[in-house]
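One structure is given below, encoded as structure tokens.
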Amino acid sequence: MMKYITDYGLSFSQVGTFFIMALPQTISYTFPMAILFAGLLCFGRLSDTSQITAIRAGGVGFFRIVLPALIFSWLIVLATFILSEKVAPQSTIAAKQYIRNALISKGITLAEEDISYMDNKAGWLFAAARAEGMFFMTSNGGTSPSRAR
């Protein structure tokens with residue numbers, strides 16, 4: 001994010017808008033782990049202070065103790081599914097389009113020339129003479145994207 005401010009000269013508000021627009025995708029990645037962590041901390045704390053033992057001694061069954069957490073978890077699963085399938089793709093596309101338009105308005109083109117990517121493990125080579133847009137390449141098995149000159 002900072003490269004847009006330092007390298008390309010965009011304002012904080014433009015980068016902040018881009019960040020807010022890209023946030024649903026990040027939330028859909030982090031929310032399930034956060035809920036799992038919260039449940040573990042909650043039941044760990046209840047177990048640590050013997051609250052679960054006290055509840056069980058009061059005649060409440062295990063399923064009834066866990067039922068609110070299960071219902072809440074399934075609601076979060078449903079909300080995260082809707083977020084990651086409906087909201088996040090559109091917001092990510094809009095965020096990339098917004099930052100691209102902001103860069104173009106500054107006179108910065110995103111065209112790259114002589115791009116190549118070789119994956120030795122899979123045995124294939126991707127090459128392009130000219131490309132426009134943002135490219136995010138991931139590397140697998142130690143291979144890395146490179147630029148042909």
Side-chain angles (χ1 to χ4, degrees), residues 1-8 10-106 108-112 115-128 131-146:
M1 295 274 178
M2 290 305 293
K3 80 173 180 180
Y4 293 121
I5 295 171
T6 58
D7 294 348
Y8 301 129
L10 296 180
S11 68
F12 283 109
S13 65
Q14 288 174 317
V15 174
T17 303
F18 172 69
F19 177 76
I20 296 297
M21 292 172 84
L23 205 55
Q25 185 70 38
T26 305
I27 290 172
S28 70
Y29 287 145
T30 58
F31 216 56
M33 187 57 83
I35 295 303
L36 174 66
F37 208 44
L40 290 173
L41 287 174
C42 176
F43 282 104
R45 183 76 175 144
L46 286 173
S47 178
D48 188 39
T49 58
S50 300
Q51 294 296 317
I52 293 179
T53 306
I55 293 170
R56 294 283 313 253
V60 178
F62 178 74
F63 183 72
R64 187 146 179 218
I65 295 170
V66 177
L67 186 63
L70 289 175
I71 292 171
F72 181 71
S73 298
W74 279 107
L75 290 174
I76 295 300
V77 165
L78 181 65
T80 304
F81 179 76
I82 291 169
L83 180 71
S84 65
E85 292 296 319
K86 300 290 183 189
V87 178
Q90 282 93 12
S91 70
T92 302
I93 290 168
K96 286 181 182 180
Q97 188 65 34
Y98 175 80
I99 203 74
R100 182 172 187 254
N101 291 340
L103 290 172
I104 289 172
S105 71
K106 285 275 196 186
I108 300 169
T109 62
L110 299 173
E112 293 191 40
I115 301 168
S116 69
Y117 177 74
M118 184 170 191
D119 190 342
N120 293 330
K121 197 173 194 180
W124 56 268
L125 169 71
F126 167 79
E132 284 193 34
M134 285 189 217
F135 299 97
F136 301 101
M137 290 191 199
T138 59
S139 60
N140 298 345
T143 61
S144 61
S146 62

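We use all heavy atoms of the structure for the numbers below, so side chains are in, but hydrogens, waters and symmetry mates are not. Position 1 is the first residue of the sequence, and the numbers go up from there.
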Can you tell me how far apart CD (Q25) and OG1 (T30) are? Round to the nearest 0.5 Å.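 So the gap between those two atoms works out to 10.5 Å.
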
Residues in side chain to side chain contact (heavy atoms under 4.5 Å, CB included) with Y98, at least two apart?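 Residues passing side chain to side chain contact (heavy atoms under 4.5 Å, CB included) with Y98: Q14, T17, F18, M21.
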
Check residues 72-80 and write down every donor-acceptor pair under 3.5 Å in which the side-chain atom is one partner and the other belongs to a residue at least two apart or another chain.
{"from": "S73", "atom 1": "OG", "to": "A69", "atom 2": "O", "distance (Å)": "2.7"}
{"from": "T80", "atom 1": "OG1", "to": "I76", "atom 2": "O", "distance (Å)": "2.8"}

Output a table of donor-acceptor pairs, distance under 3.5 Å, between side-chain atoms of residues 31-60 and any protein atom two or more places apart or on a different chain; print 'none' if there are none.
{"from": "T49", "atom 1": "OG1", "to": "R45", "atom 2": "O", "distance (Å)": "3.1"}

May I have the step-by-step check of side chain to side chain contact (heavy atoms under 4.5 Å, CB included) for F19 and V15, ending in yes or no? CA-CA 6 Å; F19 177 76; V15 174; 5.5 Å; no

I20 and P24: which non-hydrogen atoms are nearest, and at how many Å?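 In this case the closest contact between I20 and P24 is O-CD, 3.7 Å.
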
